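In this text the structure is predicted, and so the values were computed from the model without any measurement.
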Amino acid sequence: MEYDFSIDLEKLTYEQTKKLRMYLKTMVENKGSDLHIKANSAIRMRNKDGDIVSFSGGIYEKEDVLMLSKELLRTRFMEFVKNKEIDFVYPFDDNNRFRVNMFFQMEGVSAVFRVIPVTIPTFEEYHLPEVLKTFTTKRSGIVLVTGATGSGKSTTLASIIDEINKTQRKHIITIEDPIEFVHKDKGCVINQRSVGQDTLSFAAALKSALREDPDIILVGEMRDKESINLALHAADTGHLVFSTLHTIDAKETINRVISQFPTDEQNRVRLSLSGVLQGIVSQRLVKTIEGGRRAAMEILVRTATIEKLIMENRDHEIRDAIEAGKSHYKSQSFDQSLLDLYNEGIISREQAKENATSPADLELKMSGLTSGDASNQGSVTNISQDEEDVFDLK
């Protein structure tokens with residue numbers, strides 16, 4: 001069957017949108033996170049435990065999903081046809097908004113609707129470690145929040161920005177695609193820009209931001225060499241920059257940033273990154289014993305040791321340095337985070353092992369056969385406490 005790409009706004013009945021809203025309402029009531037719509041397939045959602053489950057009897061025909069795209073996109077429909085995919089935000093009601101990705105696939109059109117809470121969760125509500133508050137008080141540098149799609153990066157960043165908004169007097173510029181959490185001015189002035197609507201690209205907005213008297217810049221995602229270079233430059237010139245990457249841990253994050261550049265530039269970028277990096281927060285959502293999911297987090301905190309390891313291309317030693325700094329700097333590896341969640345009775349032994357970087361080592365720690373904090377301290381580079389203090393960790 002051929003696609004009918006014609007659209008007459010006056011003839012839209014919005015019958016498919018009414019059906020969609022019924023499914024979205026049901027998902028929200030059941031605390032799901034994502035609604036999946038696929039042409040000629042059952043309606044599915046990702047439930048509170050992170051599993052994909054079907055709605056009973058719900059099927060969108062191929063023609064129905066195409067009509068739904070016309071109803072939701074209206075004047076942007078031809079942009080969708082041209083680019084074959086599109087991101088946008090669908091406002092459902094006063095309490096719920098959805099980030100939507102709509103795309104063509106071999107059987108027709110598909111769409112995924114991600115819940116965006118209108119109320120930004122606090123540090124306490126989202127169970128964020130207190131050490132993350134130290135990143136909110138930095139005057140300059142770069143903080144990266146990383147993880148797979150759907151791991152909660154946007155929520156973590158929203159909580160961090162909201163904490164700054166409540167406690168400081170700053171000018172914050174966010175560059176997002178699309179805007180998810182909407183921030184109201186509290187102590188800060190916050191200008192939120194959506195790529196495609198308010199600016200042509202992350203790079204263009206970043207260049208412009210440097211002339212807009214910002215204290216803090218949030219870049220929704222560092223997607224390419226140009227945006228990474230601009231973010232590093234902004235951090236190096238006295239701004240505090242927050243951004244995300246789709247990387248699984250601190251080591252991969254550092255490698256991803258540096259590998260975006262040609263070989264002859266990588267030493268320069270490594271030196272620049274080592275000088276401006278304030279922290280890396282990598283997260284994975286883990287099923288809890290009581291139902292739902294909790295973020296396990298690897299947290300790299302800037303220290304003289306970390307700076308030295310990045311500068312000297314000793315990335316393979318970073319995880320050991322993170323673990324060694326847990327008691328003093330409140331950094332932690334994934335396995336240390338999982339061990340804490342297990343010891344607090346939040347996650348099961350099986351979930352801890354399933355999400356561990358080193359399941360065998362974690363099994364030993366859970367059995368009390370080795371010390372979680374001290375097990376790797378002897379393997380990191382030798383820098384004395386006096387040397388750490390000289391660096392004045394900004």
Side-chain angles (χ1 to χ4, degrees), residues 50 87 99 101 114 128-129 131-132 135 141-160 175-177 180 202-203 206 217-232 234-235 240-263 265-266 269-286 293-303 306-307 309-311 313-323 325 331-338 354-358:
D87 291 308
R99 184 185 72 195
N101 181 267
R114 164 70 55 80
L128 293 178
V131 66
L132 298 195
F135 296 144
I142 191 165
V143 177
L144 299 173
V145 179
T146 81
T149 300
S151 61
K153 300 185 296 296
S154 296
T155 306
T156 296
L157 276 177
S159 297
I160 289 172
I175 308 163
E176 304 170 73
D177 183 20
E180 297 186 27
F202 281 109
L206 262 170
I217 304 171
L218 183 149
V219 185
E221 184 180 350
M222 297 200 305
R223 292 183 173 177
D224 51 33
K225 172 188 170 184
E226 185 176 16
S227 60
I228 291 173
N229 210 23
L230 286 166
L232 291 174
L240 180 58
V241 178
F242 293 93
S243 191
T244 71
L245 282 170
H246 292 282
T247 47
I248 61 171
D249 57 21
K251 176 186 173 183
E252 184 185 337
T253 300
I254 292 165
N255 289 336
R256 178 73 59 82
V257 169
I258 294 169
S259 66
Q260 291 291 315
F261 294 81
T263 304
E265 293 185 43
Q266 290 183 2
V269 176
R270 183 174 285 279
L271 183 63
S272 176
L273 182 62
S274 69
V276 300
L277 184 65
Q278 294 288 2
I280 299 175
V281 181
S282 302
Q283 53 191 71
R284 304 169 186 169
L285 292 183
V286 183
R293 292 180 290 174
R294 178 75 68 88
M297 293 185 170
E298 177 185 83
I299 302 173
L300 176 149
V301 178
R302 173 190 173 90
T303 67
I306 293 295
E307 182 171 355
L309 293 178
I310 296 172
M311 196 183 308
N313 195 10
R314 296 160 60 188
D315 300 342
H316 62 283
E317 297 180 46
I318 285 175
R319 184 160 67 94
D320 289 343
I322 289 172
E323 293 195 338
S331 61
Q332 63 185 30
S333 67
F334 271 120
D335 288 2
Q336 287 174 323
S337 176
L338 291 165
E354 183 178 323
N355 288 276
T357 301
S358 178

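Summarising the geometry of Val286 relative to Ala296, their closest heavy-atom pair is CG2-CB, 4.0 Å, with the distance given to 0.1 Å. Across all their heavy atoms, Ile318 and Ala250 have their closest contact at CG2-CB, 4.3 Å. The shortest non-hydrogen separation linking Leu245 to Lys153 is O-CD, 3.9 Å. Scanning both residues, Ile175 and Leu206, for their nearest heavy atoms gives CD1-N, 3.8 Å. Between Phe135 and Val301, the closest heavy-atom pair is CZ-CG2, 4.3 Å. Here the shortest heavy-atom pairing between Glu298 and Ser333 reads CG-CA, 3.9 Å.
Residues Asn355 and Phe334 are not in side-chain contact: their nearest non-hydrogen atoms beyond the backbone lie 4.5 Å or more apart. The closest side-chain heavy-atom distance from Glu176 to Leu218 is below 4.5 Å. By the 4.5 Å heavy-atom criterion applied to side chains, Ile299 and Pro129 are counted as neighbours.
Glu323 contributes no side-chain N or O that, together with a main-chain N or O of Gln336, makes up a donor-acceptor pair within less than 3.5 Å. Not a single donor-acceptor pair under 3.5 Å links the side chain of Asp87 to the backbone N or O of Asp177. Of the possible polar contacts, one joining the Gln266 side chain to the Phe261 backbone as a donor-acceptor pair under 3.5 Å is found.
Shown here are the side chain to side chain contact (heavy atoms under 4.5 Å, CB included) partners of Glu252, two or more places apart in sequence or in another chain: Thr247, Ile248, Asp249, Arg256. Taking the side chain to side chain donor-acceptor pair (under 3.5 Å) definition, one finds that Ser282 meets it with Thr146, sequence neighbours left out. Contacts of Asn255 classified as side chain to side chain donor-acceptor pair (under 3.5 Å), with partners at least two apart in sequence or in another chain: none. Under the salt bridge (Lys or Arg N to Asp or Glu O under 4.0 Å) criterion, Arg284 pairs with no residue, sequence neighbours left out. For Thr156, the side chain to side chain contact (heavy atoms under 4.5 Å, CB included) partners two or more places apart in sequence, or in a different chain, are Tyr126, Leu128, Leu132, Val145, Ile160, Gln283, Met297. Under the rule for a side chain to side chain donor-acceptor pair (under 3.5 Å), Asn229 has no partner lying at least two apart in sequence or in another chain. Judged as a salt bridge (Lys or Arg N to Asp or Glu O under 4.0 Å), and not counting sequence neighbours, the contacts of Arg99 are Glu180. With sequence neighbours left out, Arg270 forms a salt bridge (Lys or Arg N to Asp or Glu O under 4.0 Å) with Asp315. The side chain to side chain donor-acceptor pair (under 3.5 Å) test applied to Ser243 returns no partner, not counting sequence neighbours. Qualifying side chain to side chain contact (heavy atoms under 4.5 Å, CB included) partners for Ala231, counting only residues two or more places apart in sequence or in other chains: Ile142, Met222, Val241. Taking Glu265 as the reference, Lys225, Arg268 meet the salt bridge (Lys or Arg N to Asp or Glu O under 4.0 Å) condition, with sequence neighbours excluded.
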Before giving the answer on side-chain contact (heavy atoms from CB on, under 4.5 Å), spell out for Leu277 and Leu300 the whole-Å C-alpha distance, their side-chain angles and the decisive distance to 0.1 Å.
-> CA-CA 10 Å; Leu277 184 65; Leu300 176 149; 4.0 Å; yes

